[in-house]
Colleague: 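This is the structure, below, for whatever I ask next.
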2 protein chains.
Amino acid sequence: MSQSAASAPNPLLQLENQLCFPLYAVSRLVTKAYQPLLEELELTYPQYLVLLLLWEHGELSVKGLGEKLLLDSGTLTPLLKRLEQRGLVSRRRDARDERSVLIGLQPAGEVLRHKATCIPEALMAKFQLSPAEFEALRGQLNHLLNQLS
Amino acid sequence: MSQSAASAPNPLLQLENQLCFPLYAVSRLVTKAYQPLLEELELTYPQYLVLLLLWEHGELSVKGLGEKLLLDSGTLTPLLKRLEQRGLVSRRRDARDERSVLIGLQPAGEVLRHKATCIPEALMAKFQLSPAEFEALRGQLNHLLNQLS
DNA sequence: GCAAATTAAATTGTGAGCAATTAAATTTAT
DNA sequence: ATAAATTTAATTGCTCACAATTTAATTTGC
């Protein structure tokens, strides 16, 4: 009865029938697709996400960044310290609420923005998705994002 | 001209218009959705993926696991050593090719399979997606997975 | 048959992610 | 006014994830 190979396969337990695995794998592959582009800016993918937010919104607190990226200070604090050490962002306590730490862009961080403008389009090209496919996928992921967060 | 807030927004550089961010965020949220279920088995999510493959295929080499999960030995070796230490999997050199390490299930690892059968359905419930939505998303992610890998 | 090239794992070093805890500032309830 | 509760970051400890290198086994070309 019990052989060396797997017994009585439960189709629900098979990797290819699940949603979780392609999500996990695609997410990592997309990060890897960014890598050669981000390498030129010497940024990691989560560092790039932080800068995207700062370019868009200006100064943000650690809490604000965390709410938008769904990351906590345990992840953000060391990441932001690395960006600060490289002179890309500034960190200062909010005078109106000393608990908050406000993250701003230093000139070198502003300059990087120009180098980054071509990144989204370059990525789109790698995906090889039609605009309709792209929008459909984006919509479904955002729907699931709302479902889960 | 240059104000404290961000200047001349480039819509392509905005987080909400990109595919990458919801992918990254949903992937992490899905892993987190697994966590309370996997906690009962004392497994992390990537450890669970490894066991799914072993339950399905029986013995697999590190290379075989890596090909299916898109992970390399730098990630798998320490993970597999932890599973071995807990008595869930076995590791032995392939006699026919001493470069390969074959990963098999120990009895305790086989037993875990029964406890895991309910996990996929429990997850599906958390997603709150209709079967059609589920299949559409799975299809698009698998399409992108093929595009990128 | 043997040197060169290739392959498979392991190792090293860095940077996320995240749970849990700690410390300090602020808010609230009385 | 002040004690208790809450909020915000930082810290600690653990596990991925992955690039780059190393070591050993196998395959290939000659």
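For the numbers below, each heavy atom of this structure counts, side chains included, while hydrogens, waters and symmetry mates do not. Predicted model, so just to flag it, every value in this text is computed and none were measured.
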Colleague: Okay, side chain of B:Arg82, backbone of B:Gln47: is any donor-acceptor separation there less than 3.5 Å?
Modeller: no
Colleague: Report the distance from atom CG of A:Asp97 to atom P of D:dT7, rounded to the nearest whole Å.
Modeller: 12 Å
Colleague: Is there a side-chain polar atom (N or O) of A:Arg91 under 4.0 Å from OP1 or OP2 of D:dA10?
Modeller: yes
Colleague: Return no unless some side-chain N or O of B:Ser100 is found under 4.0 Å from OP1 or OP2 of C:dA9.
Modeller: yes
Colleague: Quick one: does B:Leu53's side chain get under 4.5 Å of B:Leu49's, heavy atoms only?
Modeller: no
Colleague: Do the side chain of A:Lys115 and the main chain of A:Leu41 share a donor and acceptor less than 3.5 angstrom apart?
Modeller: no
Colleague: First locate atom CZ of B:Arg138, then atom CD of A:Gln18, and finally report the distance between them rounded to the nearest 0.5 Å.
Modeller: 9.5 Å
Colleague: Whole-Å distance between C:dG17 C1' and A:Tyr45 OH?
Modeller: 14 Å
Colleague: Is the phosphate of D:dT11 approached by A:Lys81 (side-chain N or O, under 4.0 Å from OP1 or OP2)?
Modeller: yes
Colleague: Would you tell me if any nitrogen or oxygen in the side chain of B:Thr77 comes within less than 4.0 Å of OP1 or OP2 on C:dA10?
Modeller: yes
Colleague: Among C:dA16, C:dC18, D:dA19, which nucleotide sits nearest the side chain of A:Leu79?
Modeller: C:dA16
Colleague: Please state how far atom CZ in B:Arg82 lies from atom P in C:dA10, giving the value in whole angstrom units.
Modeller: 13 Å
Colleague: Tell me whether the rings of B:Tyr45 and B:Tyr34 are parallel (<30°), tilted (30 to 60°) or perpendicular (>60°).
Modeller: tilted
Colleague: Using atom CD of B:Gln35 as one end and atom C1' of D:dT15 as the other, report the distance to the nearest whole Å.
Modeller: 12 Å
Colleague: To the side chain of A:Gln47, which of D:dA17, C:dA19, C:dG15 is closest?
Modeller: C:dG15
Colleague: To the nearest angstrom, how far is B:Asp72 atom CG from D:dT22 atom C1'?
Modeller: 14 Å
Colleague: Hey, does the side chain of A:Thr44 come within less than 4.0 Å of C:dA16's phosphate (OP1/OP2), counting only N and O?
Modeller: yes
Colleague: Atom CG of A:Leu102 and atom P of C:dA25: how far apart are they, to the nearest Å?
Modeller: 16 Å
Colleague: When you match B:Arg96 and A:Ser61 each to their closest nucleotide on DNA chain D, which lands nearer the 5' end?
Modeller: A:Ser61
Colleague: Among D:dA25, C:dA19, D:dA9, which nucleotide has an atom closest to any side-chain atom of B:Glu98?
Modeller: D:dA25
Colleague: Which nucleotide in the list D:dT26, C:dG17, D:dT6 gets nearest to the side chain of A:Arg99?
Modeller: D:dT6
Colleague: On the nucleotide C:dA16, are OP1 or OP2 found under 4.0 Å from the side-chain N or O atoms that B:Tyr24 carries?
Modeller: no
Colleague: Taking CG from B:Leu83 and C1' from D:dC16, how many angstroms apart are they, rounded to a whole number?
Modeller: 13 Å
Colleague: Let me spell it out: for each of A:Leu71 and B:Pro78, pick the nucleotide of DNA chain C with the closest heavy atom. Which residue's pick is nearer the 5' end?
Modeller: B:Pro78
Colleague: Pick out which of A:Leu37, A:Val50, A:Leu88 makes a side-chain contact (heavy atoms from CB on, under 4.5 Å) with A:Leu43.
Modeller: A:Leu88
Colleague: Figure out the CZ/P separation between B:Arg92 and C:dA8, and round it to whole Å.
Modeller: 17 Å
Colleague: Within the pair B:Ser73 and C:dA9, is there a side-chain N or O less than 4.0 Å away from OP1 or OP2?
Modeller: no
